[in-house]
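Each remark here refers to the structure printed beneath this line.
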Number of protein chains: 2
Amino acid sequence: MATLRHSNQRDAVLKDLQARYDHPTAEEVYLSVKKEMPSISLATVYRNLKLLESEGLILKITTGDSDRFDGHTHSHYHFTCNDCMKVLDLEIADTDFCTLPRDFDGVITGHSLMFFGLCSKCKK
Amino acid sequence: MATLRHSNQRDAVLKDLQARYDHPTAEEVYLSVKKEMPSISLATVYRNLKLLESEGLILKITTGDSDRFDGHTHSHYHFTCNDCMKVLDLEIADTDFCTLPRDFDGVITGHSLMFFGLCSKCKK
DNA sequence: ATTGTTAATGATAATCATTATCATTAACTT
DNA sequence: AAGTTAATGATAATGATTATCATTAACAAT
């Protein structure tokens, strides 16, 4: 059930994310969309971020602090600055896994790799 | 400054984490340590988890829901079940990166790789 | 051993991101 | 045009984590 209907708010959230290359929090998306659509509510932004993620149209990036969102769903990785908490894209070519982007000028001190799926119990 | 002093509560938290192979939340560590030390406070558990992590004695695992902790700091990766949110260890040998542990009986449907460090601005 | 300093604690209030609620609005169906 | 119900906006609730603060206890100096 729960047929999806069209919504200008959802369009605006998606369009905002697709037009930017930082990795905004829900609050930041809200502030940005609000400029074009002053009546939009923060709850609507949260709702649509969740919905768009479940539709596979955007990515949610879980970090130590607030969640961040990415409108570009092609396969790439991320870098979080431990100091300012900014998130940057790391485009790493499959054929040369360990080469960082030429324009990356930070220092990498660690990484975390998490796999997702279903455990043996929940698989059934 | 802030010289570290000995504390039985901190010892108990570390010992609890080192003795188990699940990946408990702060609340779960609290409940477990409380059995041996009924007077310990949840705030003390949070404080010591943070302190032990900054000392490099335990790992904090950031997931979609509550943070989880790991008393075993050797290099290994993790798996989160999307259904029950349990976290399992994935010991992946450096020499055979893509082979999963023989006893892993779940399904992997995705992964996320995050790098940490300092961005060009914060490096200075 | 006694005292002084201050880190650590326990209890609890505060914070803050996210979710739930609910009356109203608007998208789509007939 | 009318009916159904998904989506919205406003706001309350939730829940994990952190901050506060008076008290306790570690450790150094006496």
Side-chain angles (χ1 to χ4, degrees), chain A residues 1-17 23-55 57-70 80 82 84-87, chain B residues 1-17 23-55 57-70 80 82 84-87:
Chain A
M1 324 297 123
T3 318
L4 208 67
R5 291 182 186 169
H6 178 259
S7 124
N8 294 325
Q9 287 86 343
R10 183 151 54 244
D11 287 352
V13 167
L14 179 57
K15 207 171 131 206
D16 185 78
L17 274 178
H23 299 77
T25 60
E27 178 81 24
E28 287 165 345
V29 172
Y30 168 65
L31 291 174
S32 172
V33 172
K34 207 174 164 61
K35 286 175 190 163
E36 301 299 315
M37 189 182 273
S39 67
I40 198 171
S41 154
L42 179 58
T44 297
V45 172
Y46 269 103
R47 265 191 300 253
N48 282 308
L49 286 172
K50 180 175 276 203
L51 203 153
L52 289 167
E53 199 231 341
S54 75
E55 297 281 305
L57 294 172
I58 64 171
L59 301 175
K60 181 169 83 170
I61 306 168
T62 296
T63 70
D65 66 326
S66 306
D67 289 342
R68 291 165 175 280
F69 298 88
D70 190 333
T80 305
N82 287 326
C84 65
M85 292 294 132
K86 197 189 315 179
V87 173
Chain B
M1 322 297 124
T3 317
L4 207 65
R5 291 183 186 169
H6 177 261
S7 124
N8 294 326
Q9 287 85 341
R10 182 152 54 245
D11 286 353
V13 167
L14 179 58
K15 206 171 133 207
D16 185 78
L17 274 177
H23 298 77
T25 61
E27 178 81 26
E28 287 165 347
V29 172
Y30 169 65
L31 291 175
S32 172
V33 172
K34 208 175 163 61
K35 286 175 190 163
E36 302 300 316
M37 190 182 274
S39 68
I40 197 170
S41 154
L42 178 57
T44 297
V45 171
Y46 270 103
R47 265 190 300 252
N48 282 307
L49 286 172
K50 179 175 276 203
L51 203 152
L52 289 167
E53 199 230 341
S54 76
E55 297 280 306
L57 294 172
I58 65 171
L59 300 175
K60 180 169 83 170
I61 306 167
T62 296
T63 71
D65 66 325
S66 306
D67 289 342
R68 290 165 176 280
F69 298 88
D70 191 334
T80 305
N82 287 325
C84 66
M85 293 293 131
K86 197 189 315 178
V87 173

Fill in the blank from the handout: From CD of B:Glu53 across to P of D:dT18 the rounded distance in Å is 10 Å
Practice task
Please work out if B:Asn48 contacts a base, only the sugar-phosphate, or nothing of the nucleic acid, heavy-atom cut-off 4.0 Å.
Solution key: sugar-phosphate
Completion exercise
Rounded to 10°, the angle between the first-five-pair and last-five-pair axes of the helix from C:dA1-D:dT30 to C:dT30-D:dA1 is 30°
Handout entry: Distance-only side-chain donor-acceptor flag, B:Tyr30 / B:Lys34, under 3.5 Å
Key = yes
Practice task
Name all residues meeting the salt bridge (Lys or Arg N to Asp or Glu O under 4.0 Å) criterion together with B:Asp70; count only those two or more places apart in sequence or in a different chain, and write none if there are none.
Solution key: none
Exercise for the section: Please check the phosphate of D:dA6 (OP1 and OP2 only) for any side-chain N or O of A:Thr3 closer than 4.0 Å. Expected result: no
Fill in the blank from the handout: Here the distance between atom C1' of C:dA7 and atom CG of B:Leu51, to the nearest Å, is 11 Å
Practice task
Pick base, sugar-phosphate or nothing for A:Ser39, based on heavy-atom distances below 4.0 Å to the nucleic acid.
Solution key: sugar-phosphate
Fill in the blank from the handout: Counting primed atoms, P, OP1 and OP2 as sugar-phosphate and everything else as base, the B/S/- map of nucleotides 19-30 of chain D against protein heavy atoms under 4.0 Å is BB----BBS---
Exercise for the section: Using only side-chain N and O atoms of B:Gln9, determine if any of them is under 4.0 Å from OP1 or OP2 of C:dG10. Expected result: yes
Handout entry: Under-4.0 Å side-chain N/O to phosphate OP1/OP2 contact, A:Tyr46 with C:dT18
Key = yes
Exercise for the section: Assign A:Asp67 to base, sugar-phosphate, or nothing according to its heavy-atom contacts below 4.0 angstrom with the strands shown. Expected result: sugar-phosphate
